[in-house]
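Encoded as structure tokens, the structure appears first; notes follow it.
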Protein chains: 2
Amino acid sequence: MPQRDPLREQIIAQYDAMSPQLQQAARYVLEHPDEVALVSMRELARHAAVQPATMTRLAKFLGKQGYDDIREHYVAALRRGSDGFAAKVRQRNEGARASANGNIAAHMLHGLSAQITRLCEPDSLQRLEAIANTLKSARKVYVLGLRSCHSVAWHFHYVMSLLGDRSVHLDGPAGTGGDALIRATPEDALLVVSVKPYAVATLELTQLAKDKGLTILSITDSEVSPLVGMSKQTIFCPTESDSFFHTLTPALAISEVLCTLLAEDDRSQALDALQRADEHFLSLNTYASAIPRRE
Amino acid sequence: MPQRDPLREQIIAQYDAMSPQLQQAARYVLEHPDEVALVSMRELARHAAVQPATMTRLAKFLGKQGYDDIREHYVAALRRGSDGFAAKVRQRNEGARASANGNIAAHMLHGLSAQITRLCEPDSLQRLEAIANTLKSARKVYVLGLRSCHSVAWHFHYVMSLLGDRSVHLDGPAGTGGDALIRATPEDALLVVSVKPYAVATLELTQLAKDKGLTILSITDSEVSPLVGMSKQTIFCPTESDSFFHTLTPALAISEVLCTLLAEDDRSQALDALQRADEHFLSLNTYASAIPRRE
DNA sequence: ACACAAATGATTCAAATGTTGCAACCACAA
DNA sequence: TTGTGGTTGCAACATTTGAATCATTTGTGT
């Protein structure tokens with residue numbers, strides 16, 4: 001929204017002077033300006049995981065007389081945006097720059113967006129669910145992804161490690177990455193991520209795991225990927241982009257969806273685990289400020 | 001507004017069957033759909049010069065259970081018009097949670113897709129290009145991203161390392177991650193990735209780099225992120241998802257776009273570098289088969 | 001003209017909203 | 001340790017909201 005918004009700027013300017021709770025409220029307002037106009041204050045507070053009173057206090061802090069002043073502002077902004085022609089101009093800009101101008105960035109982003117949308121096809125969803133179900137029942141989940149796929153593998157492992165200790169990342173210095181498989185059993189699963197060109201080491205480790213009786217699940221890029229034959233279940237991620245490189249964004253999206261499905265399987269336990277993680281990080285002073293969780 | 005609006009059409013269809021007062025209410029609703037979402041029923045009735053009860057009766061007449069059904073409809077329409085993504089995320093929270101797993105995945109993927117689409121706004125594109133330009137002229141590019149942001153930072157570094165030796169990843173075992181900054185100079189740039197909650201170590205290292213005169217560029221999640229004040233240029237990535245966790249998919253998309261912009265800046269050199277990398281990997285037998293590159 | 005049903009207006013009610021005051025709770029200095 | 005100033009959660013408050021109820025008016029058919 002390139003439109004000048006004095007209240008927004010005021011909030012940003014005074015943000016650093018706010019107390020933690022006020023910051024949390026302010027942040028939510030900044031990120032969801034429309035909500036301010038569309039829902040009640042109490043509901044807004046609920047979404048922002050803040051006491052209703054905090055919203056009032058935020059208003060006072062900003063020098064307003066009450067919360068309604070804030071809402072009035074965003075209602076006015078929304079009125080202007082919806083029936084005014086600002087929206088139309090904006091849309092035209094988007095369309096024009098995306099297609100005509102040959103803008104590389106916009107073009108690429110649109111492509112990525114489309115690729116992720118395509119993952120919503122029934123076949124993909126089914127595969128996602130199937131993999132998630134298998135992962136649920138595994139004793140340990142080993143995660144393998146080398147080279148470009150390291151980012152996906154690691155992210156999956158990182159999130160899973162917040163939820164429990166079932167995840168083991170097959171990576172390490174000095175070529176010790178596969179060592180963790182020493183203690184692997186047939187009750188375990190291996191989630192392997194690899195896209196073309198397929199790293200030899202990935203395939204070898206996967207074969208080893210398969211020989212040890214692990215259930216192999218894979219995120220890969222093609223029906224003819226060497227992983228398909230080794231895996232019990234596979235989910236395909238598009239990797240084509242209009243740059244020199246293939247993209248891993250859809251693969252990352254897939255891994256995030258898998259994490260979510262696993263967490264959603266037992267909400268309360270997931271919440272507990274996250275709670276514990278929060279406390280741990282808090283006592284370690286890992287993060288700059290308290291970690292707020294929604295709901 | 002070329003969008004199909006079933007409720008609007010229903011009102012029009014049943015308009016002739018309404019009593020005069022109902023017609024007056026309905027007419028006002030038709031002509032001021034935004035007001036329905038933005039003001040209370042009583043105020044709407046006042047503007048329409050109708051009794052409050054009439055609005056309730058209009059709702060019942062249309063087969064709805066109450067006036068809130070009507071308001072919900074127009075709120076949703078307004079959300080879609082101004083900010084397509086928030087609606088999708090919110091829908092799940094409000095809608096019955098009874099839906100099966102398939103829906104969670106599909107829903108989440110749609111949300112991610114929308115978030116990436118949103119990065120095509122002119123403001124974001126401008127920021128992307130600005131950061132890419134700064135990166136181009138840097139002597140070295142240090143890349144920093146800890147914890148959840150490691151995946152993004154590493155992926156950026158990995159791709160950049162295929163293109164040349166300007167990229168230095170600030171990470172390493174035994175807490176030596178920041179050591180590479182020892183040789184940093186003011187001609188260098190630091191690309192730092194961090195989203196809430198912001199890792200203290202990231203902020204400290206960034207501050208150190210800034211003190212050493214490096215140009216700070218950041219990928220972060222909010223206007224009020226602590227990185228904003230430290231950075232010369234910033235690009236914002238949405239991180240909200242309808243799961244417990246933040247999503248990093250948009251951040252990864254951003255980093256891939258940056259890589260592409262950098263590579264595209266000098267196509268021939270990029271192709272050369274990739275060619276050389278291919279030969280290297282070939283001689284090392286890193287990949288399972290010859291590495292095909294398009295174009 | 002009358003009767004009668006539909007439509008309208010006024011009144012009332014329970015639930016919610018935004019606000020306020022108070023008490024507990026920190027972090028931190030004396 | 002004990003204050004102390006600021007922050008936060010809680011509960012009570014007066015208002016307002018949307019809906020339900022009842023009385024009145026209106027229009028219509030015989």
Side-chain angles (χ1 to χ4, degrees), chain A residues 7 11 14-29 32 35-75 275 278-279 282-285 287-295, chain B residues 7 11 14-29 32 35-76 93-94 200:
Chain A
L7 180 52
I11 295 178
Q14 300 192 240
Y15 184 84
D16 289 327
M18 295 179 192
S19 74
Q21 288 295 302
L22 283 186
Q23 286 192 344
Q24 193 169 329
R27 173 179 271 257
Y28 191 86
V29 169
H32 308 82
E35 296 301 296
V36 179
L38 293 173
V39 307
S40 74
M41 187 207 76
R42 282 180 121 99
E43 195 168 339
L44 191 76
R46 228 168 290 137
H47 290 17
V50 160
Q51 290 273 344
T54 306
M55 288 296 172
T56 300
R57 287 165 180 156
L58 176 64
K60 303 271 186 193
F61 183 89
L62 294 171
K64 308 293 174 188
Q65 206 205 333
Y67 174 79
D68 276 325
D69 288 5
I70 293 185
R71 158 181 284 157
E72 249 336 293
H73 177 91
Y74 285 107
V75 165
Q275 179 72 29
D278 286 355
E279 284 162 13
L282 199 59
S283 69
L284 268 184
N285 219 9
Y287 292 116
S289 62
I291 311 171
R293 295 255 173 230
R294 287 195 309 283
E295 229 192 1
Chain B
L7 180 53
I11 295 179
Q14 300 192 240
Y15 185 83
D16 289 330
M18 295 179 192
S19 73
Q21 288 295 303
L22 281 187
Q23 286 192 345
Q24 190 169 334
R27 170 176 273 261
Y28 190 87
V29 169
H32 307 271
E35 295 301 297
V36 180
L38 293 173
V39 307
S40 76
M41 186 206 78
R42 287 176 116 98
E43 195 168 348
L44 191 76
R46 220 169 296 134
H47 288 127
V50 162
Q51 289 274 340
T54 306
M55 288 296 171
T56 300
R57 287 165 180 155
L58 176 63
K60 301 272 186 192
F61 183 88
L62 293 171
K64 308 293 174 186
Q65 206 204 333
Y67 174 80
D68 275 325
D69 288 5
I70 293 185
R71 153 136 70 215
E72 253 328 299
H73 177 89
Y74 285 106
V75 165
N93 288 351
E94 287 168 3
V200 170

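Order of the sequence lines fixes the chain letters, A, B, ..., with proteins taken first and strands second; residue numbering starts at 1 for each chain.
Phosphate contact (OP1/OP2 of D/dA19, side-chain N/O of B/Lys60, threshold under 4.0 Å): absent. Taking 4.0 angstrom as the limit, B/Ser19 places a side-chain polar atom (N or O) nearer than this to OP1 or OP2 of C/dT8. Within the structure, every side-chain polar atom (N or O) of A/Thr56 is placed at least 4.0 Å from both OP1 and OP2 of C/dG18.
One can place CE of A/Met18 at 12 Å from P of D/dT8, the figure rounded to the nearest angstrom. Distance A/Phe61 CZ to C/dT20 C1': 19 Å, rounded to the nearest Å. Nucleotide D/dA20 holds its P atom 11 Å from the CG atom of B/Asp68, rounded to whole Å. C/dA16 atom P lies 19 Å from atom CE of A/Met55, rounded to whole Å. Counting to the nearest Å, the C1' atom of D/dG9 and the CD atom of A/Gln24 are 14 Å from each other. Computed from coordinates, the A/Asp69 CG to C/dG18 P distance equals 13 Å when rounded to whole Å. For B/Leu22 and C/dA7, the CG to C1' distance is 9 Å, given to the nearest whole Å. Whole-Å rounding puts the A/Gln51 CD to C/dC25 P distance at 15 Å.
Side-chain proximity of B/Arg42 to the nucleotides D/dG9, D/dT17, C/dT19 is greatest for D/dT17. Comparing C/dG18, D/dG18, D/dC10 by their nearest atom to the side chain of B/Met41 picks out D/dG18. With C/dT17, D/dA20, C/dT19 as the candidates, the nucleotide lying closest to the side chain of A/Ser40 is C/dT17. The listed nucleotides are D/dC22, D/dT8, C/dT12; the one nearest the side chain of B/Arg57 is D/dC22.
Atom OH of residue A/Tyr67 and atom CG of residue A/Leu44 lie 4.5 Å apart, to the nearest 0.5 angstrom. A/Thr56 contributes atom OG1, which lies 12.0 Å from atom CD of A/Gln65 (distance to the nearest 0.5 angstrom). Atom CD of A/Gln21 is separated from atom CZ of A/Arg57 by 9.5 Å, given to the nearest 0.5 angstrom.
The aromatic rings of A/Tyr28 and A/His47 sit perpendicular, their planes meeting at an angle over 60°, well past the 30° parallel limit.
Across all strands, B/Pro20 comes closer than 4.0 Å only to sugar-phosphate atoms, never to a base (heavy-atom distances). Nucleic acid contact for B/Gln21: sugar-phosphate only, since backbone atoms but no base atoms lie under 4.0 Å from a heavy atom of the residue.
For the residue pair B/Leu22 and B/Thr54, the shortest heavy atom distance occurs at CD2-O, 3.7 Å.
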